[in-house]
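The structure appears right after this line, and notes come after that.
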Amino acid sequence: MLERFNKAFESKARLGIMSVLMVNESLSFNALKELLQLTDGNLATHLRALEEQGFVSVQKQFVGRKPNTTYAATDDGRTAFTQHLNVLEAFIRSGAFQETK
Amino acid sequence: MDSHNQSLETLTEIRDLMQRSSKFLSLSGLSGIFAGIVALGGALVAYLRLKTDALSYEGMSDVSELTRGEMMRFVLIDGTIVLVLALIFGVFFTIRKAKKSGQSVWNSTSKRLVFSLMIPLVTGGIFCLAMFYRGILWVSFPATLIFYGLALLNASKYTVRDVEYLGLSEVILGLISLFMTGYNLLVWALGFGVLHIVYGTFMYFKYDIKR
């Protein structure tokens, strides 16, 4: 069962990014940074990794003259994350079952 | 069992992040309590000044043009003072609570909250001004309750659930007040004063004290 754990969500930061993007239509880089308490470089690396997997889409716009980058979860990302959560849940349930035995 | 605990921890963190990122939870119950006290004060001043419930539909016909104009100006000023004071208290206690829990005040969730509040509120405000302009004073009392209630219902998606029930209560009171035109001021004081204090106290004990 463990091999069904999605490698893309291995790190806590990526799990955090995905869970926040699941409930928000889209979020700016700064909003993500504040919510997850990550450094610029760290967040950028994880976002790029998720983008390469096709789980996160990036949109670059300009607000006035300032560039504003927003991130959203793709359909693939949503499916993969939900699956990951299901596995996690099953894993915990099986543990609880063994405990009561 | 260690990895199980770890998974549980991860799940709790995910849930916390999802909540924190989609809902603005720094609304303080104290904001509601103080808004309620200000509203009761405003209603009391209005009652003392106007003495009679000439605000009602029936009463308006007895009032001469001059006093009607004075009355409108008085109600407009009184209402604006109540609104501004309630907003100041509301913002003050919200900032205080956000600072205490180390959260930012002006973020994407609070922006969405304010935006969804403002659309019904501004609509209601313009509606009431139009009624004033047409010389219909009494409608603005139920109308402020109804539009405020709708604003809360609209904004409740982005904050704690209790705001939804407060909004519903305000709408129901406003609708009742549309028919019981003899008690406009009383029902208004009940909606903006008493309900705010009741919900504010409830929310204060439910969310503010525990943390």
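Chain naming here is simple, since letters A, B, ... match the order of the sequence lines and numbering starts at 1 in each.
Rounded to the nearest 0.5 angstrom, B/Q19 CD and A/S19 OG are separated by 12.5 Å. The distance from the CE atom of A/M18 to the CE atom of B/M18 is 9.0 Å, given to the nearest 0.5 Å.
Atom CZ of B/F202 has 12 or fewer heavy atoms from other residues, nucleotides or ligands within 6.0 Å. Taking a 6.0 Å sphere around NZ of B/K99, one finds it holds 12 or fewer heavy atoms contributed by other residues, nucleotides or ligands.
Under the ring pair (Phe, Tyr, Trp, His ring centres under 6.0 Å) criterion, B/F127 pairs with B/F147, sequence neighbours left out. Partners of B/D78 according to the side chain to side chain donor-acceptor pair (under 3.5 Å) rule, which considers only residues two or more places apart in sequence or in another chain, do not exist here.
Contacts of residues 30-40 of chain A with chain B at a heavy-atom distance below 4.5 Å involve A/A31, A/E34, A/L35, A/L36, listed in sequence order.
Of the atoms belonging to B/E13, it is side-chain heavy atoms, and not backbone ones, that fall under 4.5 Å from chain A. For B/R15, no part lies under 4.5 angstrom from a heavy atom of chain A. Only the side chain of B/T10 comes within less than 4.5 Å of a heavy atom of chain A; its backbone N, CA, C and O stay farther away.
Sorted by first and then second residue, the pairs that involve residues 19-40 of chain B and meet ring-ring contact (aromatic ring centres under 6.0 Å, His included), not counting sequence neighbours, are B/F34-B/F89, B/F34-B/F93.
With respect to chain A, the highest number of heavy-atom pairs below 4.5 Å among B/L8, B/T109, B/N107 belongs to B/L8.
Within the 4.5 Å cutoff, the side chain of A/L85 has heavy atoms near those of the B/L11 side chain.
With no hydrogens or angles considered, a side-chain donor-acceptor pair links A/N24 and B/S21 at under 3.5 Å.
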